[in-house]
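Heads up: the structure comes next, in structure tokens.
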Amino acid sequence: MQLWLIPILPFAGFLINGIFGRRFSKSMVNVFAIGSVVLAFAWVLKTILGLGDLNTPYTEHYFTWIQSGTFNVGADFTVDRLTAIMLMVVTGIGSLIHIYSIGYMAHEHGPNYGGYYRFFAYLNLFMFFMLTLVLASNYLLLFVGWEGVGLCSYLLVGFYFDKQFATNAGNKAFIVNRVGDFGFSLAMFYIVKQFGSLDFGTVFHQAAGASQSTLTLIGFLLLVGACGKSAQIPLYTWLPDAMAGPTPVSALIHAATMVTAGVYMCSRSWPIYVHAPDAMNWIAIIGVATAFFAATIGMAQNDIKKVFAYSTISQLGYMFLGVGCGAFSAGVFHLMTHAFFKALLFLGAGSVIHALSGEQDMRNMGGLRTKIPWTFATMMCAAVAIAGVPPFSGFFSKDAILVAANHHAPWMFWLGVITAGMTAFYVFRAMFMTFFGAYRGHHHPHESPAIMTVPLVILALLSLGGGFIAVPTFLGSFFPTVEAPEDFVLVAISVAAGLLGILMAYVMYVAKPGMADSVAGSLGDLYKFVYNKWYVDELYDATIVQPLVKGSRTVLWKGADVGLIDGLVNGTGWAAKQVGGLLRLLQSGNIRSYATWVLFGGVLVIVAMSVAGGIR
Amino acid sequence: MTNGVPISWYLVLSAVLFTLGVAGFVFRRSIITVFMSIELMLNAVNLTFITFSYQLKQVNGNLFAFFVMVVAAAEAAVGLAIILTVFKNRNTLNIDDVSSMKD
Amino acid sequence: MPINYSFSGVDTLRFLPEIILTIAATLLMVLDPLIKKRSSSAFGNIAILAFIAAIVASIQGYGNPGTAFGGMLIVDGFGTFFRILVMVVGILTVLASYRFLNVQDAETGEFHSLLLFSVAGQCIMVTANELIVIFIGLEISSIASYVLAGYLRDDKRNNESALKYFLLGSFATAFFLYGIALIYGATGTVDLTAVRAAQAGANAPNPLFIGIAAALMFVGLAFKVSVAPFQVWAPDVYQGAPTPVSAFLSAGPKAAAFAIFLRIFMTAFEPIGQGWEPLVWIAALLSMTIGNFAALLQSDMKRMLAYSSIAHAGYVLVAMTARTDIGEAAAMFYLAAYAFMNIGAFAVVTHLSGKGERYTSIDDFSGLAQKQPLTAAMLTIFLLSLIGVPLTGGFFGKFYIFKAALESHLVWLTVLGLLNSAVAAYYYLRILVVMYMKEPSEAAANAEPLSPGLGAALILPAAATLFLGIFPGWVLDFAGRSATFLK
Amino acid sequence: MDTILFLVFALIAVVCAINVVVQSHPISSALSLVGVMGSLAILYLQLGGEFIAAAQVVVYAGAVMVLFVFVIMLLNAGAEARQGRSLVASVLGAPLLILLLLLVAYFVQRWYPENPTVKFGGFQHGTALDVGRALFTTYLLPFEITSLLVLIAIIGAVVLARKELD
Amino acid sequence: MNLLLLTLIVPLAGFLIALLIPRSSSGGSRMWALISSLATFVISLGLVAGFDRSLTGNQSTIDVPWIASPDIHFSIGVDGIILWLVMLSTFLTPICVLVSWNSIEQRAKEFYAFLLLLEFGLIGVFIAQDLFLFYVFWELCLVPMYFLIGIWGHGRRIYAAVKFFLYTMAGSVLMLVAIIYLYNKTQTFSYNAILEMLASGRLTFNPEEGMLLFLAFFVAFAIKVPLFPLHTWLPDAHVEAPTAGSIMLASVMLKMGTFGILHYCLPMFPSAARQSAPWIATLAIIGIVYGALVAMVQPNMKKLVAYSSVSHLGFVVLGTFSFTQMGLDGAVYQMLNHGITTGALFAIVGLLYERRHSLEIKDYGGVATLAPWLSAMFLITTLASIGLPVLNNFVGEFLVLQGTALANYTWAVWAALGVILSACYMLWMYQRVFYGETNEHMRHHMLDLKPREWAAIIPLIAMMVWMGVYSQSFLPPVGKATARVLEQTQVNVPFRVDLKPAQSGSHTEVARAH
């Protein structure tokens, strides 16, 4: 089926735009960039349709990538049901966002010839790596995509590379991800050590017979990797900063696709996890903790993209919760619906920002619903979806996760419910601050062009109706099923929490506009603590970054390297010269001294020879 | 031979003279005296040669002493010439003053 | 006592090289007043011819090896090797001194005459098999050298050099002589072979006495080869002497002294080898260490080379410590390689020093590579060889020496010696540094073009150094075959 | 008789030798050295070295020492100056000398355990005849090459003492 | 004509002819250097083409006696490891010529002559099959590099050159002792003969003897690698060296050490190697982490890259002492990778230096705005250096770490930290140099790549991608050779890649893509 075409098409787009894009007109760039992605989407459709029910995975082998002894890693692609969903999401949403970007980037002025071609080249490269990631049929190839998307994230976050904050954010994204990759790599090493291969088929086949401790270790290490990529505690800090990139990037990479790779990978590794309950439990704990924690921060942010960034972290936590509770299909389902509504939220936010010529602070917005109605309407769809209002997409997926959580551990359910309330609150808080009340800014808002709004509308439809896509059923045979009875009470509680959140937001930001500040004021330090994101960045900086940098500079470099080791080396030279200096004292130039030395030597020699001859 | 001189006396005398020669070299400051000390050392060696020659009943020791004398004479000629040039250039015969090259 | 002794033509033939040199030397002395000064380099040419003739005679003589004059002389491979070596050193010295003497206004027949005599003395030393002949040969070589060291008699440094060399040399010779006397007393003979034989018989003398005699001779010989702790004179003398003479002193007399050192200790004193081995061990280590470390701080090129020659003497002693034929062969090879590289290095100093030898400091070599790349390249070869970089004679010399030492299980001496050579690299590198990496100095800028003689004195040793480094087999084979003494 | 002869001249030799070393004026040292040589000549005679005893007086005491005295006079060398010092020599010199003397003397006195004695006339082959015969037969080579030595001495003296290099 | 011999001789001939070119004609010297180094490269391509990948052991061997006693032979040959190292040398030399084209103005003749001599020495080191010959080449390499650093280097070049020389010399004299010792024991210098004797049991070492010999070799190699804590010559040498010197030093010369360990230390002293493996691996890991941390805080680009080399070479040593097929394959591959990648880093840093005349990071900023292609190339190189997949270093690092994990998982954990840190220091440097705002001075001087510079950089980038994507072009011969090394090392690590054959698609349907 020529699976290789799927990633190669965007890659071709990348090469063409990357090498010649500077000389191209914008429309020429568009042709290659959007064309390649849309073609890839089309090829995905054709492939999936052509492969039938996909009950058995379909694999293509291209060439041996690495071979050493009997170990080998092939460049192999596989399509199964999970992959199919991911392919659809990635290419579908990817296409939409590419199209949207034409409008969004039209007036952007990045460094280097406006950076237009560069943006699309990077975006295409991202598609290439993302598709490689989902198509990979072994861990190492998955890792290729995994690192590759990280690279694109780095490049796109640092798109405005003349701005220090952007490049800082890019570095942070890459390096924090590297910490996660560290875990991922170790997991791979252990897999090979235990199973002798990295092929999903082989590994999973053997995992069934492996010891639980082995699988727990592997599962845990994979989780570290997933935490990095999917911005979970403790490695989430890069994602909020990553909003420094252009907004479509936030939508595509930092909401819809790349950050969900961790979820994808954990789901993919279910044969390992199902035999490693401890690891599963940790996934759930991290997931729910992240969901709650990020939601608290999200409630206090004023930058519209930051709100959605924390929201993303929080929603990813949900997905982890689902996976950790054994509801893999629910996790993946939420992954998909989240891709719809979060992409929409970001794109909508982009549209707002675009409308306000770059303004991102919600305190300088307000009353925009009349000025940019399309944006408002579509974003509202996403808001209700994420708030879990039935029967929109978020409701179904979130509900499935919470039910599974309840089955797994009730406290996780309750925390999840609270988080759901907070989610509804901060999303609608953002909606109200942006679109309701009076306009507080100085720009002249204008609605975005159709090239931007059309993708918004499509995503809005998906957000609203996405819940009816039968993902859980489709994946039902792929994942092991969890016996979690549908309980109407639980559903009602979670829906109620969401509605309560919406209501509170309405009260505080529409009905009684002054109330927000007074609540914040009454919370005092707690509010400040949350507003400052629990000071986690500062904590990391003080406990890890600074000690490492300063320690390296003063202790290792100046101390050990220059001081001790080189000191010893140069000291040897110095000492040699000192010895030389002492020896020069022998050379007084005085003949009588010389004669004495000769005499001295002579006596020594005679003594030595008498000793040697055995003086009697 | 009951009241002859023990042969070791000659050898010890030679050692004493040799040591005195060395002492002269080490302690004297006049270049000429230093040179004479060397002659003294050579004389001491000659005494050893001749003593052994006596003991071994060979003429060879005598010959060696003779060769040493010739060498000593040749050394004397050259040595004194060198001393002359040094004196001409530095106007001193103090051996401690001839120490411009050092380190 | 009947006269039962006569000498034949064979004896003469085996003594022919020395005869040639003597005749030439005398001829030069006689010609000196007849040849117009400064008009030609006739003296040098004659000397070189004589050397060549003598080399030919040596080779001829080796065609029919054996003893001469009743065992006083022995023409064997060992002797022939060193004979040729010292004569080649002589040739190179003459080549290096053409221009030098001209610049210093000091061209006389006596210079070359003394040189020829000195070499003749060395030839006698290296072929002698009898202590008295060795002694006289040593004195011939030495006395001529004393005069050569002070050749520019109006130069204060020359005087001082000559005086120090003369007084201390005579002083050490007295010890050597005392040693001979004691050996004579102990064994009743001064013939090396007989001395060795006397130690084997039933009424062998107390080895202790032999040991004491050996110790006294060791003093004299160690002094002549400038081995620690008898090395003190060498820096002053080499620094003060005219540069070509320093070159000569550091190569010719040294090689000859080493030859007799080896011959005496490996034949006459071989039976007490256990006794003197530690002594040589220590002396070797001391020499390497003192030479190398003291050289680190020198600022005068000649003085630095003097210290380096002390260190190199130490390396040769390492070979001697091995007390094997292979060790001797290694020492022979090393001395040959050393002679070439050292004369070459001194020749460069000669070239640069100028009238009155003003420019001998290391800084004067600054930027030489930019002004005279060929000269610098030659010096580079010599220095790399002195360091012991492969494809140079110095490397193979060291290699053979340490190989011999390891075969005799002298692991520590080998390790320390080689570490020493790493230290030594530092001061040789300093010269490369100034030559290649600094801006030209006054001396380099004003250096005149290479004269033909000096050029030959550079290129020949350089070629020899490389030859010994790339095809060492030829010389080493010869050395290996010659290293067995008549015992 | 032999013993007395030995003791007397040994004593003279030693005293003169000490005098060589302690006298500060070179001329005194030179004369003392002549004394040493003279007494040694007697001892040589006692040991049977007739020829060498004669040579000692004629060549050594006669010619060589005269040369010394001549040079001393020529250079007008006075009592040696006291300035200048060698720390090494003054500190190490004396102990080393004593050690050297003790060691060498100890060994040489042990040379002949049965300690034979010397009597005048005990060895009679040190005559000019014996010496001459040996010189021109067995020791022809050394004898010939000593002539080289003398030649070098002449050239050396010429080189060093000639008025000017031209 | 034996192509291997030709590969060795052409640079030597190039060197000798370069000496004859008049000093005034620096253009002629340059051109000659380019021609002869390219010719060498082409010949070495022929060597690769003619290399029979189905054979283990040496190929293209020549063995002629050189010196009779001791029995020294001029003996050369290539196996799967040597082949690529030779290629690395011949590949990089023309690139060095190209990057030096304009930057070497003074004394160009000597410069290019030394460069060719260096190439000769490096090739010789790798292909020598006689211990003595190996030592000769080993030392020979020192001389041209010494001059390259000392004459054409920057401020403290003399200190750096002398330090370089003495450091290496101090190590190699010990190796000489060991070589001589071996000869005295075996009466041969032949590498293969010694291995044969070992295999047949005719040569055995008692434990202390074996360990001392091993250490004598190892220290010499470790200095060259450089293994922590013997590395301090490297930063100085790199910072002061001219661009071409840095490239050759980092890319090829350091490999002399790792190659030596792999080729000599392991097979000749297997038990000592096994015994000391934990210690050496520990040092290697310290080097990996330490080098990365120190690199992170360097204010000077070349110094940063130099310390990064310490870190990267730590991987090579670690892989070697994992005694696993993957570890060794990875180590060899990483040698090549490091050669290409670090060569490119130094080359581009050199180009920056030509423009801005500074190596200090703080003097830069915003280069990406002014010279986008230059920046892009540097970015790719940076990414390769930090081990991004589809670029070369990833394959090597993966194999090394995987092999290490098989042998000792804890080592792999520690070593993998280096992978995190490499991203830190490289990206941080990249950010400070290429990102940010530009200033007036930069705007005038920071031109983008010129055709000649493209010609130097593109082959390097191409190799990074090729080696990263299709390692099968390179790894199989390496695998053959490393398997032999392992066999000779007689390692008995529990997990010696007794991997079950990969059951790719055992329960999946595999469709062959055409």
Side-chain angles (χ1 to χ4, degrees), chain B residues 1 3-24 26-30 32-33 36-37 39-40 43 46-47 50-51 53-55 57 59-60 62-63 65-67 69-74 76-78 80-85 87 93-94 96-97, chain D residues 2-3 6 10 13-14 17-18 20-21 26 29-30 33 36-37 40 44 47-49 51-52 55 59-60 64 67-68 71-72 75 77 80-81 84 89 93 97 100-101 104-105 108-109 111-112 115-119 122-123 125-126 130-131 134-135 139 142 146 149-150 153 156-157 160-161:
Chain B
M1 292 213 179
N3 60 349
V5 188
I7 201 149
S8 59
W9 291 16
Y10 288 90
L11 297 174
V12 171
L13 173 64
S14 162
V16 170
L17 291 178
F18 188 84
T19 312
L20 282 169
V22 176
V26 172
F27 291 125
R28 297 286 11 137
R29 286 183 176 80
S30 166
I32 295 179
T33 316
M36 285 191 284
S37 304
E39 297 294 340
L40 183 54
N43 269 290
N46 272 355
L47 179 57
I50 291 169
T51 309
S53 187
Y54 175 92
Q55 176 58 29
K57 306 286 181 263
V59 73
N60 297 7
N62 280 286
L63 282 174
F66 173 70
F67 290 133
M69 267 182 211
V70 178
V71 167
V78 168
L80 288 170
I82 290 174
I83 292 172
L84 272 172
T85 61
F87 183 79
L93 280 176
N94 188 333
D96 290 345
D97 292 344
Chain D
D2 287 321
T3 315
F6 172 80
V14 172
I18 292 172
V20 170
V21 177
S29 297
L33 190 57
V36 177
M37 287 167 174
L40 282 182
Y44 293 168
L47 288 165
F51 173 78
I52 218 71
V59 176
Y60 239 138
V64 175
L67 192 58
F68 269 89
V71 169
I72 294 169
L75 300 183
E80 66 181 37
L97 282 166
L100 178 74
L101 179 59
V104 178
V108 294
Q109 64 83 23
W111 211 260
Y112 295 103
N115 206 2
T117 51
V118 173
K119 284 188 78 145
F123 171 60
H125 296 296
D130 295 304
V131 172
L135 268 185
Y139 287 91
T146 43
L149 207 55
V150 177
L160 292 172

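In what follows, chains carry the letters A, B, and so on, assigned in the order in which the sequence lines appear, proteins first and then strands, with residues in each chain numbered from 1. Note that this is a predicted model, so its numbers are computed, not measured.
Among Val59(D), Leu47(D), Val21(D), Leu33(D), the residue with the largest count of heavy-atom pairs under 4.5 Å with chain B is Leu47(D). Ranked by heavy-atom pairs under 4.5 Å with chain B, the first of Val150(D), Leu149(D), Val104(D), Leu100(D) is Leu149(D). When the candidates Leu80(B), Val26(B), Asn60(B) are compared by the number of heavy-atom contacts under 4.5 Å with chain D, Leu80(B) comes out ahead. Of the listed residues (Ala72(B), Ala73(B), Ala23(B)), the greatest number of heavy-atom pairs within a distance under 4.5 Å of chain D belongs to Ala23(B). Residue with the most contacts toward chain D among Leu63(B), Ile82(B), Val71(B): Leu63(B) (heavy-atom pairs, distance under 4.5 Å). With chain D as partner, the option from Val12(B), Val70(B), Ile50(B), Val78(B) having the largest number of non-hydrogen pairs under 4.5 angstrom is Ile50(B). Among the candidates Ile72(D), Leu135(D), Val71(D), Ile18(D), the residue making the largest number of heavy-atom pairs closer than 4.5 Å to chain B is Leu135(D). Annotation: maximal heavy-atom pairing with chain D below 4.5 Å, among Val22(B), Leu84(B), Leu40(B), occurs at Leu40(B). Each of Ser29(D), Ala13(D), Ala157(D) has some count of heavy-atom pairs under 4.5 Å with chain B, and the biggest count is that of Ser29(D).
Residues Leu47(B) and Tyr44(D) form a side-chain contact, since some pair of their non-hydrogen atoms from C-beta on lies under 4.5 Å apart.
Distance check, rounded to the nearest 0.5 Å: CG of Leu97(D) to CZ of Phe27(B) gives 5.5 Å. Atom CG of residue Asn43(B) and atom CZ of residue Phe18(B) lie 12.0 Å apart, to the nearest 0.5 angstrom. Expressed to the nearest 0.5 Å, how far CD of Gln55(B) lies from CG of Leu11(B) amounts to 9.0 Å. Taking CG of Asn62(B) as the reference point, atom OG of Ser53(B) lies at 4.0 Å (rounded to 0.5 Å). One distance of note links CE of Met36(B) with CZ of Arg28(B); it measures 9.5 Å at 0.5 Å rounding. A distance of 6.0 Å separates CG in Asn46(B) from OH in Tyr60(D), rounded to the nearest 0.5 Å.
Proximity to chain B (any heavy atom under 4.5 Å) is shown, for Val14(D), by both the backbone and the side chain. When heavy atoms are compared at a cutoff of 4.5 Å, Leu75(D) approaches chain B by way of both its backbone and its side chain. Using a 4.5 Å cut-off between heavy atoms, Thr51(B) contacts chain D through both its backbone and its side chain. For chain D, the nearby parts of Ile7(B) are the backbone and the side chain; heavy atoms of each come within less than 4.5 Å. The contact between Phe87(B) and chain D is made entirely by side chain atoms (from C-beta outward), counting heavy-atom distances below 4.5 Å. For Leu101(D), the parts sitting under 4.5 Å from any heavy atom of chain B are the backbone and the side chain alike. Using a 4.5 Å cut-off between heavy atoms, Val64(D) contacts chain B through its side chain alone, with no backbone atom that close. The contact between Ile32(B) and chain D is made by backbone and side chain atoms together, counting heavy-atom distances below 4.5 Å.
Under a 3.5 Å cut-off, the side chain of Ser14(B) and the backbone N or O of Tyr10(B) do not form any donor-acceptor pair. A distance-only check finds no donor-acceptor pair linking the side chain of Arg29(B) to the backbone of Asp96(B) [under 3.5 Å].
Residues Ser37(B) and Gly21(B) share a closest heavy-atom pair of CB-O, 3.2 Å. Ala17(D) and Leu17(B) make their closest contact through CB-CD2, 3.6 Å (heavy atoms, listed as atom of the first residue, atom of the second, distance).
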